[in-house]
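Below, chain A is the first sequence line, B the second, and so on; all start at residue 1. Small disclaimer: the values here were computed from a predicted structure and weren't measured.
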Number of protein chains: 2
Amino acid sequence: MPGIKDVAARAGVSVATVSRALNRHPSVSEEARARVLAAVEELGYRPNAVARSLRTDQTRTLGLVISDVMNPYFTELARAVEEEARALGYSVIIGNADERPELQDHHIRNLVDRRIDGLLVSPTDGGTPLLLDTARAGTPVVFVDRWIPGADDVDVPVVRSDGRGAVRDLVAHLHRLGHRRLAIIAGPAATTTGSERVEAFREALAAHGLELPDAYIGQGDFQAGSGRRATERFLDLPEPPEAVFAADNLMALGALDAVRARGLRVPDDIALAAFDDIPWFVHTGPPVTAIAQPTGELGRAAVRALVDRIEGRTARSVTLPARLVVRRSCGEDGETHPQKRSDP
Amino acid sequence: MPGIKDVAARAGVSVATVSRALNRHPSVSEEARARVLAAVEELGYRPNAVARSLRTDQTRTLGLVISDVMNPYFTELARAVEEEARALGYSVIIGNADERPELQDHHIRNLVDRRIDGLLVSPTDGGTPLLLDTARAGTPVVFVDRWIPGADDVDVPVVRSDGRGAVRDLVAHLHRLGHRRLAIIAGPAATTTGSERVEAFREALAAHGLELPDAYIGQGDFQAGSGRRATERFLDLPEPPEAVFAADNLMALGALDAVRARGLRVPDDIALAAFDDIPWFVHTGPPVTAIAQPTGELGRAAVRALVDRIEGRTARSVTLPARLVVRRSCGEDGETHPQKRSDP
DNA sequence: ATCCCTCTTGTAATCGTTTCCACAAGGAGG
DNA sequence: CCTCCTTGTGGAAACGATTACAAGAGGGAT
């Protein structure tokens, strides 16, 4: 693979001139530039990003550590992140933590070893000092979707969406349909999205004079299996809930499994709703009512915030509202057939 | 961020010794090694992967270019690839080509600029000389899932799955259920998976004495929208097909949309089957019969082949069989309820 | 005492860029 | 004609690691 020296020799100039020509440095003659460009073309020269990074101390690469690639919510997020990053001239390396703190640490370590310019993290459960230490050590970090409470002393913007309003809408929707015994399958208490959603749900219930008994709080881990188990426990209760709200899409899927396995039907026997809307919810039987985050916008905003920090500007936290998307899984006041207008 | 020099100073040895201690070079005294390790610990030193790569001319990084991250099939593949790579001591950078040749080229260029050690590609439609040129230029390349025909002169192993047998099973299944007019929604003819699946389908039909008229071949692009459009065209036919086979999961989804939008029902009014099984197909209404590729195994085998090539061993192409998973979308001879045993 | 290993260490070259500095050439202004 | 800019260029020093080579120390055999 030809190097800058080969180009220089071929163009009859020095390596310095080649470098300048390629980096559109102003002081290089039109003639030299042309010769360099020609040589580059002839040799098929491509600058070595590794060497360049070593010299300039920047890799133009962002790290993205997410908790579960297989979760459609995160794939959509990752896609948006990559697009915006590319538009801004950055590449993205994705690390999949699989909801395991030690894997998250592995990826963070790997990414800082590679000297990425900044880090985008949706932290998993569990105490990992490494992440905060990294931020403290000077690597620009932005949290997206979830965040870690102890981040006050170090400047880490949080880009997330607020589901409070949408949860209120959901509870009102359920209430209107006559449901009174409402349960939730929560995420890990250690994640912010885990605890927040329970709180929002509890508050919304209170506004209707309803309680959230402990028996109606299932402990999940954002994976389908836990959703199924929690739902089975609900169904075993002497007085099972009339509606179940899953704190993410995978657990909702598990819940759907569980009620089906008992020969029960959604929404006739029990209503179901989920946090995180995903394309598949349109096609499930029945289509499930969900709270939709502006996922793409979240990803883009996060990248912009991170790049702002990287390039020396100040970055602010961003909170975008989520909204309720009513389908059929809670009962018949939503759309009964897919509507033409809801086509993409 | 401390460098190897700082560690050397702190440990009272030379940088060479530090490097040797860290790379478990045999000839370094127990005492020196201990001092180095202590210094590393105290300073929180992490070796700079960029500098190391420049010197050693290897990045221990693999590039993975796939055609669509949002497609669950590819996310699963990506996940398996990352896992196997990690086990072998490599990192993975994913590039999402979004079924667009120019984006694919962008990523390939970006990856070779970063001097990745090897490239895993599931090529998109369309002639892109860059990919083959890269392979010819010496970068180890392995094709996964799809491949490019002109790759004979250059050593590029192909890791894929053969759906021929499963397609025969599917057609037999459909035939047994009484379906005679069978249609297919094909992928882009330029992709191997696009054309191969049509051929397999046609052959399987022939075995039952059935034809595949042109009107029953829909042209899709592996995206949901094209599946919907193709299905609408089928339904507008004077004699619409009794069963539709979509060549990937996204187009199957589009097909499902289309028949629902007409107020028709699967499988009563029309049967549906898909290539690529994904977790969601269990939960759709109705659960859809699909041909399952051993996706994880494919990803792992591809990584092993690529690493073999990188590390100087010879790599062989791999073909794994796919299998038919019968559910309810073709009619009632499959499982009518989710079975306990099919639980993960 | 000399020679020759082996074991451990340090010095310095190297990877492919970018960029600081010096310098030559040419034009403008005195 | 000298000085002072401006413009374009090349030489060489970084960046932070790995590694070839040289060399000192110690030990055993002669």
Side-chain angles (χ1 to χ4, degrees), chain A residues 1-37 39-40 43-61 89 109-110 112-117 137-139, chain B residues 1-37 39-40 43-61 89 110-117 137-139:
Chain A
M1 204 166 268
I4 201 174
K5 279 208 266 263
D6 306 296
V7 178
R10 178 116 187 178
V13 296
S14 73
V15 292
T17 302
V18 174
S19 175
R20 280 188 285 250
L22 261 27
N23 295 299
R24 35 192 102 264
H25 188 287
S27 98
V28 42
S29 71
E30 208 41 65
E31 201 240 337
R33 185 191 315 278
R35 286 230 303 284
V36 167
L37 261 29
V40 164
L43 296 173
Y45 167 76
R46 296 256 77 209
N48 184 328
V50 176
R52 188 208 298 270
S53 292
L54 177 60
R55 182 58 231 249
T56 62
D57 198 38
Q58 54 160 332
T59 50
R60 296 207 72 87
T61 302
R109 199 136 35 211
N110 180 32
V112 308
D113 283 1
R114 297 183 121 81
R115 300 303 192 264
I116 43 124
D117 294 338
T139 306
Chain B
M1 205 166 264
I4 199 173
K5 277 207 268 260
D6 305 297
V7 177
R10 177 120 190 174
V13 296
S14 74
V15 293
T17 303
V18 174
S19 175
R20 280 188 284 250
L22 261 27
N23 295 299
R24 37 194 101 261
H25 189 286
S27 94
V28 42
S29 70
E30 207 42 65
E31 201 241 336
R33 186 191 313 278
R35 285 230 303 285
V36 167
L37 261 30
V40 163
L43 296 173
Y45 167 76
R46 298 255 75 211
N48 183 328
V50 175
R52 187 208 300 270
S53 291
L54 177 60
R55 180 59 230 252
T56 61
D57 200 36
Q58 53 160 333
T59 51
R60 295 204 76 83
T61 302
N110 180 34
L111 290 166
V112 310
D113 283 1
R114 297 183 120 81
R115 299 303 192 265
I116 43 123
D117 293 338
T139 306

> So, for A:R35 and A:A11, which heavy atoms are closest and what is the spacing to 0.1 Å?
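Reported closest heavy-atom pair: NE-O, 2.8 Å.
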
> Provide, to the nearest angstrom, the distance between the CG atom belonging to B:D57 and the C1' atom belonging to D:dA17.
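In whole Å, D:dA17 C1' lies 14 Å from B:D57 CG.
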
> Of all heavy-atom pairs between B:S53 and B:Q58, which one has the smallest distance, and what is that distance?
OG-O, 3.3 Å

> Give me the atom names and distance for the closest heavy-atom approach of B:L54 to A:V50.
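Closest heavy-atom pair between B:L54 and A:V50: N-CG1, 3.6 Å.
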
> Which pair of non-hydrogen atoms, one from B:R46 and one from A:D113, has the smallest distance, and what is that distance?
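In this case the closest contact between B:R46 and A:D113 is NH1-OD2, 2.8 Å.
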
> Are there more than 12 heavy atoms of other residues, nucleotides or ligands under 6.0 Å from atom CG of A:N23?
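Counting neighbours around CG of A:N23, more than 12 heavy atoms of other residues, nucleotides or ligands fall under 6.0 Å, so yes.
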
> How does protein contact run along nucleotides 8-18 of chain C, one letter per nucleotide 5' to 3', with B for base contact, S for sugar-phosphate only, - for none, heavy atoms under 4.0 Å?
BBBB-BBBBBB

